[in-house]
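Worksheet: one structure, shown below.
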Amino acid sequence: MTTEIPATVRIQKETILQGMNQQQQEAVETTEGPLLILAGAGSGKTSVMTRRIAYLLAQCSIQPWNILAITFTNKAAKEMNERVANLVGDAASDIWMSTFHSMCVKILRREAEHLGFENNFSILDPDDQMSAIKQCMLDLNYDMKKFDPFSVLWKISAAKNELIGPDDFKSRAGKSLLDSVAANVYREYQYKLNSINAFDFDDLIFKTVQLFEDQPDVLDAYQEKFQYIHVDEYQDTNRAQYKLVKLLAGKYRNLCVVGDSDQAIYRWRGADISNILNFERDYPEAKVILLEQNYRSTNTILQAANAVIQHNARRKDKNLWSAKGQGAPISLYAALDQTDEAAYIIAKVQEHVGSGGQFRDCTVLYRANAQSRAIEEAFLQAAIPYKILGGMTFYDRREIKDVMAYLKVTANPQDEISLLRIVNVPKRNIGIGTIKRLLDFAHENGINLLEAMGKAERADLGAKATEAVKKFHLLMTDLHWLQEGLSVTEFLQEMLRRTGYREMYETSPQEEERNRLENIDELLTVTRAFDKRRRGTLADFLAETSLLSDTDKETGKKDNAVHMMTMHASKGLEFPLTFVVGMEESIFPHARSMDSSEGIEEERNLCYVAITRAQEKLHLSYCTERTIFGQLQMNEPSRFLDELPEDLVERSGADFAVIPRWAIGLRVRHPQWGIGVIMEMTGEDDELELEITFQSKHGTKKVKPKLTKLRVIEN
DNA sequence: AGCGTGTACTTTTTT
DNA sequence: AGTACACGCT
C-alpha cells in the first residue's frame, strides 16, 4: 500500500454521471450543505453515494481523509469502498467507510485514555453482556427468578441508545420494581465494564458521544477531519447515533443522509423514525431529493409493495415505478402446514433449476429465525443445497467462543468475563469454589482476577488448588508476552498448543467433539485472511470479528445454494426469485407487535422490505396449521395479504371456501384443545353450535364453527 | 467434582 | 420439539 499523498483524482464529470437519472445526478452534484435523499427501495442509492464521493474527490478537490461514509453493515461499507475505488483508485483507502460501531471503535482506540480506558479494551458480545449482567445481579443479591436478567439487560441497552446514563436512569425510572432493579444493576454493570476495560455494543456509540460532549477539542478535531459526512439507512438511526452525527456535522454542515421511512424496521432497537422525518426541521437549509425510479423489480412487484405501504400513516408519500415492464404475477400459496409450505418451495425451486436457473437465484425470507428449521429439514431431505444466514452462526459455536475468549484475555488481561469462560476449559481442576475465593480475594485487594491468580498462594486456597491456579496464571502470562512478536495466526496456533485446547478435542472419544476441530481450522483461515489484509493487533482482530453482522459473515465464495434469512437480514439485498413464508397473523405481523399501531406499521414496513427484495418473481405463502413449541396453532392469513391488489396475485393451494359438513361423530381438531368428537349440534348457519368432547383434560366444550377454526380430521 | 437425568420454557427482528 | 438449567447421584 502506498503512503504517498495521492495525486489529485481527475475524472470527467460525464463519466461520473453516466447513466444516471435526473434526480440521481442532482444528488451527486449537491455537495455543499445538508442533503436529504429519500431513496425508495432499489432506487440506486448506493450508486448515488459512491458517485457522490467520487465527485467530491474528482470535481471538488476534496481530500479523501475529509470524507466519512457510514453504512448499516460492514459488507455494505466494503462494497461501497470497492465501488469508489473502481472510480477513483487508491484514494478510496483514505476514506472512512464503516458502520457506526466500527467507526466508534476506531475513534475510541485512539481516544480511550480520555475516558479512563486503555486502548486494548474488549468489546462484549451479547453473550458476554448476559454473563456480566448475571454476575452483577448475583453481587447485588437479586433473585434472578423474580427479575429476569434478559429484561434488565434490555432496559439498560434501551437506555444507552437514548443516551441515558445510570444516574439519569435512576431519577427517571422508579415506577416499576423492575425499573429500580435495572437502575441498580445498570450502575453496577457499568462499574464492572469499567473495571474490566470493556465496552458493550451500545457503549461504543454512547461513550463516543460522551467523549465529544465532554472534550470540545477532541470533537473539533473530528469535525475538522470529517468535513463531508454521509449516512446511509438514516431512518434506522437511534437517538445516540443521531446525536453523534449531529455533533460531527455541527461545524461544516455538509451532511448527506440517505433513507426511506418505509424501510424503518429497527424501532425495537431504539431507532427513531423522527430522525429522518424531522431532518428538514433540524437542518432548515436542507435540500431534499426523492428517488422513485426502481432499477430492481418488475412493476407487478412494485405495485404490490406500493399498495401495502399505502396503509401506513406516518410516512413520506412516494410511488415506486420501474422501466422493467409488468413481469410475472405474484404467487400466493395456501399451505396446509409447514411441511406442505416447504414442499411448495422445493417444487418451485426445482422448477426454476429445471428450466436452466440456479439455486443461488432463490431466497427464502421469514419473520423469525425459528421458522427456518422446517424448511431446512425439507431441503435436506430433497437434497436442495441451502445456506442459512444468521441464527446460530459460526461465531456462536462453543469452540469458537472459547478460542475467542482466550484471545480476548490475552489482548486484555482485565477481561474477567472471558477469563471465567476458559479458566477450566480444558479441565484444570479449578472449580467454582476456587474461583469464588479468588474473586473475593481480588475484590478485597483491588486487583483483577488474573492478578489475583498470580498471588494465589495468599488467597487461602488448598495446596492443590493453589498449584493449579498458579500454573494457569503462568500459562496466561506466557501467552500475553508471546503475542507481541506474532501474527494473529501464529499466536492462535501456539495458543491452541500450549493451552491444550486442541488436544482436548483431538483425543476426545466422541466424533462430534473431534469435528469441532474443523471449525477451529476454519477460524485459522479467517485469521490468515486478516493477517494478509492488514496485519493488525489481536484487539483489532477481535473488534473486527465481533462487529460483523450476519450478512457480513457470508463467505465470499459464491455457493450455488438457496439462501435463507430473516426479512431483517435481507435489507439492502436483492434476489431474482424470492419466497416470503409464514404470511399469517401472529407470525407476520408478529404477535408481539400487534398491540400498537406503531408496531403494526413497522411490521408493514418489514413486509414492504421483503416484497421489494424480489427482482423477477415473488412467492408468498401461509400455513393454515402450524406447530409451535409442540403445540398446534391455527392462524388467519396475514392482513398484509388483504392489502395486495387482487389482480396481481395468483392463488393456489388449499381451498377454504368450502365449508365442512359438520356431523355428529365427526372427528375434529381445535387450535387450542386439540382433537375431539362432535357429540351434539344446535342452531343453524352462523348460529350453529357444536358440542365437542375433547381428549383428556379439556373435557366437553361448546364451539361455534363460525368463530373458531375447526378442521375435520380425515379417516 | 463431574456426570446424568428431570423439568421448565421458548424471549421476533441485531450492531 | 428441543434446549438449557438445576438438582441429585456416584
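Naming convention: chains lettered A, B, ... in sequence-line order (proteins, then strands); numbering from 1 in each chain.
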From [atom1] of [X] over to [atom2] of [N], roughly how many Å is that when rounded to an integer?
X	N	atom1	atom2	value
A:Phe588	B:dT13	CZ	P	14 Å
A:Gln371	B:dT10	CD	P	18 Å
A:Gln129	B:dT15	CD	P	13 Å
A:Ile628	B:dT11	CD1	P	12 Å
A:Asp127	B:dT11	CG	P	13 Å
A:Asn238	B:dT13	CG	C1'	15 Å
A:Trp154	B:dT14	CH2	P	11 Å
A:Leu389	B:dT13	CG	P	14 Å

Looking at the side chain of [X], which of [options] is the nearest nucleotide?
X	options	answer
A:Asp148	B:dT13, B:dT11, B:dT15	B:dT11
A:Arg592	B:dT10, B:dT15, B:dT11	B:dT11
A:Pro126	B:dT14, B:dT13, B:dT15	B:dT15

Which residues pass the ring-ring contact (aromatic ring centres under 6.0 Å, His included) test with A:Phe226, not counting sequence neighbours?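 Testing A:Phe226 for ring-ring contact (aromatic ring centres under 6.0 Å, His included), a comparison that skips the adjacent residues, returns A:Trp96.
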
Taking only residues two or more places apart in sequence or in another chain, which ones pass ring-ring contact (aromatic ring centres under 6.0 Å, His included) with A:Phe117?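 So A:Phe117 forms a ring-ring contact (aromatic ring centres under 6.0 Å, His included) with A:Phe199.
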
If you restrict it to nitrogen or oxygen atoms, what contacts under 3.5 Å exist between nucleotides 1-7 of chain B and the protein, and what is each distance?
unit_1, atom_1, unit_2, atom_2, d
B:dA1, OP1, A:Gly431, N, 3.0

Per the side-chain hydrogen bond (donor to acceptor under 3.5 Å, both in side chains) rule, what does the pair list look like for residues 154-164 of chain A, sequence neighbours excluded?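 As it turns out, the side-chain hydrogen bond (donor to acceptor under 3.5 Å, both in side chains) pairs with a partner in residues 154-164 of chain A, which skip direct neighbours, are A:Lys155-A:Asp179, A:Ser157-A:Asp202, A:Lys160-A:Gln190, A:Lys160-A:Asp200, A:Lys160-A:Asp203, A:Asn161-A:Asn238.
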
With side-chain hydrogen bond (donor to acceptor under 3.5 Å, both in side chains) as the rule and sequence neighbours excluded, what pairs involving residues 593-603 of chain A come up?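 Residue pairs passing side-chain hydrogen bond (donor to acceptor under 3.5 Å, both in side chains), neighbours aside: A:Arg367-A:Glu603, A:Ser593-A:Glu603.
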
At their closest point, which heavy atom of A:Ile276 faces which heavy atom of A:Ser261, and how far apart are they?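 So the two residues come closest at CG2-CB, 4.3 Å.
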
Pairwise C1' distance for B:dT14 and C:dT3, with rounding to whole Å: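 Those two atoms are separated by 22 Å.
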
Less than 5.5 Å between centroids and less than 30° between ring planes, does A:Phe150 satisfy that with B:dT11?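 Aromatic stack with B:dT11 present for A:Phe150.
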
Determine, answering yes or no, if A:Tyr266 is stacked on B:dT14 under the 5.5 Å centre rule and the 30° plane rule.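 Whether judged by distance or by angle, A:Tyr266 falls short somewhere, so it does not stack on the base of B:dT14.
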
On the six-membered ring of A:Tyr242, is A:Arg239 placed so that its NZ or CZ lies under 6.0 angstrom from the centre and within 45° of the ring axis?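 No.
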
Given that A:Pro149 and A:Ser546 both sit by DNA chain B, which one's nearest nucleotide is further toward the 5' end?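 Closest to the 5' end, via its nearest nucleotide, is A:Pro149.
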
Earliest and latest nucleotide of DNA chain C, 5' to 3', sitting under 4.0 Å from a non-hydrogen atom of chain A?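 On DNA chain C, the outermost contacted nucleotides are C:dA1 to C:dG2.
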
Once you apply a heavy-atom cut-off of 4.0 Å, does A:Asp202 come out as touching a base, just sugar-phosphate, or nothing?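 No contact at all - A:Asp202 keeps every heavy atom at 4.0 Å or more from the nucleic acid.
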
Determine: side-chain N/O of A:Asn369 to OP1/OP2 of B:dT13, distance under 4.0 Å, yes or no.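 Answer is yes, contact under 4.0 Å.
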
Side-chain N or O of A:Thr566 versus OP1/OP2 of B:dT14: is the shortest distance under 4.0 Å?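 For B:dT14, OP1/OP2 do have a side-chain N/O of A:Thr566 under 4.0 Å.
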
Determine which pairs satisfy salt bridge (Lys or Arg N to Asp or Glu O under 4.0 Å) with at least one residue from residues 418-439 of chain A, sequence neighbours left out, and list them in order.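 Residue pairs with at least one partner in residues 418-439 of chain A: A:Asp402-A:Arg421.
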
Taking only residues two or more places apart in sequence or in another chain, which ones pass side-chain hydrogen bond (donor to acceptor under 3.5 Å, both in side chains) with A:Glu399?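 Here the qualifying residues are A:Arg516, A:Asn519.
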
Do A:His568 and A:Tyr266 have ring centroids that are under 6.0 Å from one another?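 Yes, the ring centres sit under 6.0 Å apart.
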
Go through the structure and list residues passing salt bridge (charged side-chain N to carboxylate O under 4.0 Å, His left out) with A:Asp272, not counting sequence neighbours.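 Not a single residue meets the salt bridge (charged side-chain N to carboxylate O under 4.0 Å, His left out) criterion with A:Asp272.
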
